[in-house]
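As structure tokens, the structure follows; a few thoughts come after it.
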Amino acid sequence: MTVRSVVLGCGSYLPQRILTNAELATRVDTSDEWIVQRTGIRQRHIAAEGECTSHLAINAARAALADAAVDAQSIDLIVLATSTPDNTFPATAVAVQNGLEIHHGAAFDLQAVCSGFIFALATADNFLRTGAYKRALVIGAETFSRILDWNDRGTCVLFGDGAGAIVLEAQTQPGKSSDRGVLTTHLRSDGRHKSKLYVDGGPSSTQTVGHLRMEGREVFKHAVGMITDVIVDAFNATGLTADDLDWFVPHQANKRIIDASAHKLHIVPQKVVLTVDQHGNTSAASIPLALSVAVKDGRIKKGDLVLLEAMGGGFTWGSALLRW
Ligand SMILES: CC(C)(COP(=O)(O)OP(=O)(O)OC[C@H]1O[C@@H](n2cnc3c(N)ncnc32)[C@H](O)[C@@H]1OP(=O)(O)O)[C@@H](O)C(=O)NCCC(=O)NCCS
């Protein structure tokens with residue numbers, strides 16, 4: 001027997017305002033055709049004035065708690081992945097905890113940019129498996145619209161705002177690859193690439209928030225190799241293969257990266273959950289947003305084997321294999 005972190009429910013929240021490629025083309029020298037062809041993105045959601053990352057996160061958390069049919073008071077751990085916190089400190093997770101009227105347990109932020117949700121999931125999983133906590137909210141929430149340079153067509157077309165969350169519970173399982181829950185997680189970082197995707201501001205360096213800067217080609221060049229390496233690690237750790245998968249839910253940065261990764265791993269397109277067309281790249285929020293879509297429309301069901309992966313600034317990258 002072993003303790004596994006089992007998903008009890010998931011939920012998401014998207015700001016009301018939708019920004020289409022056509023509208024973007026009125027602001028910068030770009031076109032719907034260019035954006036769709038290079039990225040697969042058709043639209044993204046943008047937070048309203050005064051709508052912060054914590055607001056999106058609280059809404060997503062409430063939806064996840066409702067889906068799990070558990071009370072907020074039963075949550076004793078909140079791990080929130082974000083690169084766009086409400087404030088430099090305290091952690092946005094604390095604002096979420098307070099918003100949910102939870103005053104016990106622990107809540108903290110985790111920063112791994114677009115890999116944030118995988119890093120947060122792995123962190124919560126490890127805390128649950130040690131017995132330190134019983135029930136966790138793992139949240140990815142971002143307002144990337146606040147750190148974009150809206151005059152830089154190479155980056156402003158790519159990102160969007162949103163939040164997604166899952167509820168995890170420590171449960172005793174037989175200890176087999178047929179168990180429900182998180183079966184394995186693999187995290188990696190390599191700071192040699194830190195200047196390829198970064199924000200040119202921060203409290204200690206410039207005392208400003210800064211804007212996102214990216215060498216898009218460099219990111220693209222490394223993405224598929226890094227993603228597929230950690231997925232192979234997940235298969236090797238569990239003895240499972242691409243054929244065993246029910247769903248592949250990748251970080252939604254770019255359709256071309258997703259297609260190339262799935263192709264390299266022999267994952268058929270029918271098993272790939274794609275939301276990048278509707279949401280753009282919502283960084284740490286993209287995976288739980290995609291999970292939420294696929295659960296709501298009936299694709300992901302209890303007992304399904306689900307593979308998650310992400311790659312982002314740092315570089316950071318990681319995978320998680322779980323049975324829903
Ligand atoms: C950003 C990305 C779509 C750019 O596509 P690309 O094919 O690499 O394009 P390049 O950056 O080489 O630019 C090619 C041309 O398109 C232009 N261009 C860039 N953005 C454009 C836009 N939004 N609209 C129209 N043209 C654009 C460039 O200026 C360049 O023009 P030039 O040839 O006249 O100099 C692509 O590199 C990418 O997806 N990278 C990964 C980004 C990513 O996923 N980041 C997040 C990881 S978590």
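The structure presented is a predicted model; accordingly, all values stated were derived computationally and were not measured.
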Tell me, which pairs form a side chain to side chain donor-acceptor pair (under 3.5 Å) where one or both residues lie in [range], sequence neighbours left out?
range	value
residues 298-312	Trp247-Asp304, Asp297-Arg299
residues 113-127	Ser5-Asp125, Ser115-Thr316, Asp125-Arg129, Asn126-Arg129
residues 133-142	Ser74-Arg135, Thr82-Glu142, Thr84-Glu142, Arg135-Glu169, Glu142-Ser283

Looking only at atom types and distance, does a side-chain atom of [X] sit under 3.5 Å from a main-chain N or O of [Y], one as donor and one as acceptor?
X	Y	value
His104	Gln73	yes
Glu215	Lys196	no
Arg213	Asp149	no

Taking side chain to side chain donor-acceptor pair (under 3.5 Å) as the definition, give me every residue that meets it alongside [X], ordered by chain and number, with sequence neighbours left out.
X	result
Ser54	Asp86
His45	none
Asp179	Arg4

Apply side-chain contact (heavy atoms from CB on, under 4.5 Å) to [X] and list each qualifying residue two or more places apart in sequence or on a separate chain.
X	answer
Val232	Asn236, Leu265
Trp34	Thr30, Ser31, Arg38
Ala260	Val224

* Going only through I, L, V, M, F, W and Y residues with side-chain contacts under 4.5 Å, is there a path from Val3 to Leu321? -> no
* Asked: Cut-off 3.5 Å, side chains only: do Ser319 and His186 have a donor facing an acceptor?
  -> no
* Quick one: name the residues clustered hydrophobically with Val268, using the 4.5 Å side-chain heavy-atom rule over I, L, V, M, F, W, Y, and just say none if it's on its own. =>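 ILVMFWY cluster around Val268 holds nothing else.
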* Asked: When Ile, Leu, Val, Met, Phe, Trp and Tyr are grouped by side-chain heavy atoms lying under 4.5 Å apart, directly or through other members, which residues fall in the same group as Ile102?
  ->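 Listed partners: Leu8, Ile58, Leu65, Val70, Ile75, Ile78, Leu80, Val96, Leu100, Leu137, Ile139, Val167.
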* State plainly whether the residues Asp161 and Arg17 are in salt-bridge range, i.e. N to O under 4.0 Å. => no
* Under the ring pair (Phe, Tyr, Trp, His ring centres under 6.0 Å) rule, what pairs show up with a residue in residues 284-324, not counting sequence neighbours? -> His193-Phe315, His222-Phe315
